[in-house]
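For reference, the structure discussed in these notes is given below.
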Amino acid sequence: MIPTPHIESRNKDEIAKTVLMPGDPLRAKFIADTFLADVKQFNGVRNVLGYTGTYNGRKISVMASGMGMPSIGIYSYELYKFYHVENIIRIGSCGGYTPDAKLYDVILAKDAWSESSYAKVQGGYESDVIEGTPELNQRLMRFADELGIPMQIARIHSSDVFYRENFEEYKKIYDKYGCVAVEMEAFALFHNAKVLGKNAACLLTVSDNLATHEATTSEERQNAFTNMMKIALEMAE
Ligand code: ADE
C-alpha cells in the first residue's frame with residue numbers, strides 16, 4: 001500500500017533498510033547535506049523531509065519524525081510496515097533529570113518508561129516500559145567505542161507533555177522509575193518495532209537539564225549533535 005497517507009515515495013527501494021530519525025525536518029536535511037553522498041529526496045509531504053544516500057559507500061536513509069509520540073507513531077509505522085524498513089534509529093535531544101546528564105552528553109536508551117497510552121491503544125500493550133532492540137544497542141555501543149565517543153546507556157522517560165504545571169514532577173520520575181532524561185518519542189517507536197517484528201534504537205544528546213537549568217541554543221545544537229550522528233551513521237549498510 002504505497003504511497004502511504006504521509007510518505008509519497010512510490011518505490012520501496014528508494015528507502016534504505018535503516019532509517020535515522022531526527023525530530024526536526026531541517027536536521028534531516030542537514031544530515032543528508034553534510035554527511036551523505038548521492039542524495040535523493042523521497043519525502044516532502046507536510047515538509048517531513050526524507051532522504052536516501054550513501055555514507056562511506058553504504059546506503060542509509062534519514063527522515064524526520066516530527067515531535068511527540070503520535071507523530072513518530074505514524075511515520076515509523078508506515079516505514080516499517082509499507083516500505084519494509086528494518087531498523088529505525090531515533091537521533092534526538094533530551095532534557096537531563098540529574099546533574100550527571102551533562103549538556104551534549106550522548107545517551108543510548110536501553111528502554112523507555114512512559115505514562116503515555118500509545119502502546120495500550122495501538123496494540124493492547126499494558127506495561128509502561130518498552131526496551132529498544134538489544135542487537136541494535138550492542139552495535140551502537142561498539143560503534144561509539146570504536147569512535148572513542150563516551151555514551152551512557154540508561155532508561156529514559158518518553159513524555160507527552162513538554163510544559164508541565166508541576167515542574168518538580170521530574171524528580172519523582174527519576175526517583176521512582178530511574179529515568180535519567182526526558183524526550184517525547186522513543187516509547188512509541190519501540191512499541192511499533194515490537195508489534196511489527198522490527199528493530200529500533202534511540203540515541204539522544206542532552207540539550208537541557210531540568211536539575212541544573214542549563215540549556216543549549218538552537219544554533220549550538222546543530223553542531224553539538226555531530227557525535228551522536230557519527231555513531232548512528234555507522235549503521236549504514
Ligand atoms: N527534548 C529535549 N529537551 C526536552 C525536555 N526538557 N522535555 C522533553 N523533551 C525534550
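Remember, it's 1-based here, ligands and their atoms both numbered in the order they're listed.
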Query raised in the report: What about Asp208: any of its N or O atoms under 3.5 Å from an N or O on ligand 1?
Result: yes
Query raised in the report: Does atom OH of Tyr55 have more than 12 heavy-atom neighbours, drawn from other residues, nucleotides or ligands, at distances under 6.0 Å?
Result: yes
Query raised in the report: Is the Phe167-Tyr170 ring centre distance short of 6.0 angstrom?
Result: yes
Query - Polar contact flag, side-chain donor to acceptor under 3.5 angstrom, Glu183-Ser93 - result: no
Query - Atoms of ligand 1 close to Ser93 [distance to a heavy atom under 4.0 angstrom, numbered from 1] - result: 1 (N), 2 (C)
**Report entry** Check: Met229 and Arg27 side chains under 4.5 Å, non-hydrogen atoms
**Finding:** yes
Query - Shortest protein contact, atom 8 (C) of ligand 1 (heavy atom only) - result: Phe162 CD1, 3.6 Å
Query raised in the report: Is there a heavy atom in Ser207 that sits closer than 4.0 Å to ligand 1?
Result: yes
Query - Spacing of CH2 belonging to Trp113 relative to CD1 belonging to Ile156, to within rounding of 0.5 Å - result: 12.0 Å
Query raised in the report: Please state which protein non-hydrogen atom is closest to atom 7 (N) of ligand 1 and give its distance, to 0.1 Å?
Result: Val182 CG1, 3.5 Å
